[in-house]
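All remarks here apply to the structure that follows.
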Amino acid sequence: MQTNLNIQPLFDTEIEVLCPATVANLVCGFDILGMALQDPSDRIRMRLSKEPGIRIQHTDEYKLPTEPAQNVAGAALLDLLQAIPEPVGIEISITKEIKPGSGLGSSAASAAGAVVGANYLLGKPFSDEDLVRFAMAGEKVASGVKHADNITPCILGGVTLIRSIFPLDIIGLSAPPLQVTVVHPQIEVRTSDARQILRKEVLLKDAIRQWGNIAGLVAGFLKEDYELIGRSLEDVIIEPVRSILIPGFDEVKQRSKAAGALGGGISGSGPSIFMLSKEAATANSIAEIMKQVYTQLGIESKVYVTSINSKGCEVRITG
Ligand SMILES: Nc1ncnc2c1ncn2[C@@H]1O[C@H](COP(=O)(O)OP(=O)(O)O)[C@@H](O)[C@H]1O
Ligand SMILES: N[C@@H](CCOP(=O)(O)O)C(=O)O
């Protein structure tokens, strides 16, 4: 518990938090790189209560657990509440547009949005780093391990690099304007499953290639060098294993690149696939290719043509 916190609870205020989807890994940066998207987003309505405890409701069809310790938002809030001296209650109602198991940071959106909202209602006693730490307790519930590559861009917006989680070291990266096309084939890949199939050891030659790509991608963002970004979007470690779980992956990637995409790959742990491009017209052509691939495979899909969200979770007073 932190004893010197300045807590000023807003008991009579109701808020809504807009929580953006995120693309983790950015192909080569497993667990360390991520970016927030303009679309889709979840919404969380929240208020404080004088009756201690966390009460969770869902207004969507996903039948997610409402028991706080099993819901990622609840787990993150339990961690946050342990850090404050006075017991308070929190009531939250979650409306998900980011389907769980999508690879678009569905779990992170709930965990991040819940702690951003609670911090606002408590008079903002916590730093962004504190909020990332609390929200990681939610990711542990969803995937079995703490990782901050979705949580951080969801809270801060933009493109972020997590140099380390213990101790937490976050670097916000500038990036040139980019169009992002995302396809979410309507199959579920749980992050916990997609982590279990990964090899535990990496060949040195693959590690060297991956380091080159991560460094190249970060340099490409900072230098606004689209060609460098494109050629660094390569993953020789995770993608060869996980792409097997995603029907149509190779075709989407190959045809999107032929249509002018800078590059792309699996979004988070999949099954969503994202592609980056410079021009809006290219992003729209890629969307058509993605739809075609999944129509031909007989798999329902949802396609988003969007861009980087620079704000992260946004709080609005509703009552
Ligand atoms: N509020 C919540 N939002 C999303 N997923 C949740 C929530 N609470 C618990 N979960 C669980 O987390 C898992 C989804 O997380 P994950 O597999 O990481 O999906 P995603 O890749 O979309 O983030 C599911 O098992 C789901 O039941
Ligand atoms: N680095 C994690 C990211 C998981 O992202 P999600 O959107 O699938 O939850 C991983 O690749 O396992």
Side-chain angles (χ1 to χ4, degrees), residues 17 19-37 40-46 54-78 92-115 117 135-154 160-162 165 182 184-199 210 214 235 237-239 241-243 245-246 265-274 302:
V17 189
C19 327
T22 44
V23 172
N25 302 336
L26 294 180
V27 182
C28 52
F30 180 69
D31 275 2
I32 63 169
L33 289 172
M35 71 179 172
L37 298 179
S41 306
D42 286 353
R43 277 175 294 122
I44 304 183
R45 291 177 87 90
M46 296 181 76
I54 298 165
R55 286 163 290 279
I56 302 176
Q57 275 188 342
H58 285 278
T59 63
D60 49 53
E61 78 269 31
Y62 299 121
K63 300 192 168 54
L64 290 166
T66 52
E67 172 59 33
Q70 284 163 29
N71 189 296
V72 298
L77 289 174
L78 284 170
I92 91 170
S93 168
I94 305 174
T95 306
K96 295 202 74 71
E97 212 187 294
I98 314 166
K99 205 167 172 178
S102 59
L104 290 172
S106 176
S107 48
S110 287
V115 297
M136 277 198 290
E139 288 293 52
K140 181 136 198 248
V141 169
S143 65
V145 285
K146 291 189 169 182
H147 59 93
D149 50 343
N150 295 103
I151 294 286
T152 310
C154 188
T160 59
L161 165 67
I162 311 297
I165 52 170
V182 179
H184 174 202
Q186 303 287 295
I187 50 175
E188 184 183 357
V189 173
R190 287 188 180 205
T191 306
S192 50
D193 298 338
R195 292 183 82 89
Q196 266 164 19
I197 60 169
L198 297 176
R199 288 192 293 265
Q210 200 87 348
I214 297 166
D235 174 4
I237 297 175
I238 310 291
E239 180 182 293
V241 182
R242 284 185 170 172
S243 58
L245 303 175
I246 308 173
I266 303 173
S267 175
S269 63
S272 292
I273 305 168
F274 79 103
K302 183 137 195 181

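All ligand and atom numbering here is 1-based and tracks the order in the structure. Along the sequence shown, residues carry numbers from 1.
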Ligand 1 contacted by [X] (non-hydrogen, < 4.0 Å):
| X | result |
| --- | --- |
| Ser143 | no |
| Ala108 | no |
| Glu188 | no |
| Gly268 | no |

Numbering as shown, the atoms of ligand 2 that approach Gly105 to under 4.0 Å (heavy-atom distance) | 7 (O)
Contact atoms of ligand 2, heavy-atom distance to Phe30 under 4.0 Å = 10 (C), 11 (O), 12 (O)
Which of Val141, Thr66, Ile94 passes side-chain contact (heavy atoms from CB on, under 4.5 Å) with Asn71? It is Ile94
Result for side-chain contact (heavy atoms from CB on, under 4.5 Å) between Leu245 and one of Asp193, Ile187, Ile266, Val189 points to Val189
Could you tell me whether [X] and ligand 2 have an N or O pair separated by under 3.5 Å?
| X | answer |
| --- | --- |
| Gly270 | no |
| Gly103 | yes |
| Ser107 | no |
| Asp31 | yes |
| Arg242 | yes |

Would you mind running through ligand 1 and noting each atom that sits below 4.0 Å from a heavy atom of [X]?
| X | result |
| --- | --- |
| Arg190 | 17 (O), 25 (O) |
| Lys96 | 3 (N), 4 (C) |
| Gln70 | 9 (C) |
| Ser110 | 1 (N), 2 (C), 3 (N) |
| Lys99 | 22 (O) |
| Gly103 | 20 (P), 21 (O), 22 (O) |

Of Ser269, Ser102, Ser143, which is the lone residue that meets side chain to side chain donor-acceptor pair (under 3.5 Å) with Thr191?
-> Ser269
Nearest non-hydrogen protein atom, [atom]:
| atom | result |
| --- | --- |
| atom 9 (O) of ligand 2 | Thr191 OG1, 3.2 Å |
| atom 10 (C) of ligand 2 | Arg195 NH1, 3.3 Å |
| atom 8 (O) of ligand 2 | Ser269 OG, 2.6 Å |

Where does Leu64 meet ligand 1, judged by heavy-atom distances below 4.0 Å: at the side chain, the backbone, both, or neither?
-> side chain
Glu139 touching ligand 2 at heavy-atom level, < 4.0 angstrom | no
Which of these, Val23, Asn150, Ile151, Leu198, has its nearest heavy atom closest to atom 4 (C) of ligand 2?
-> Asn150
Residue Arg195 excluded, over 12 heavy atoms near CZ under 6.0 Å = yes
Which pair of non-hydrogen atoms, one from Ile165 and one from Ala148, has the smallest distance, and what is that distance?
-> CG2-CB, 3.9 Å
Between Ala137 and Ala76, the two heavy atoms sitting closest are CB-CA, 4.4 Å
Min N/O separation Gly270 to ligand 1 under 3.5 Å | no
Is it true that a side-chain atom of Asp31 and a backbone atom of Asn25 form a donor plus acceptor pair closer than 3.5 Å?
-> no
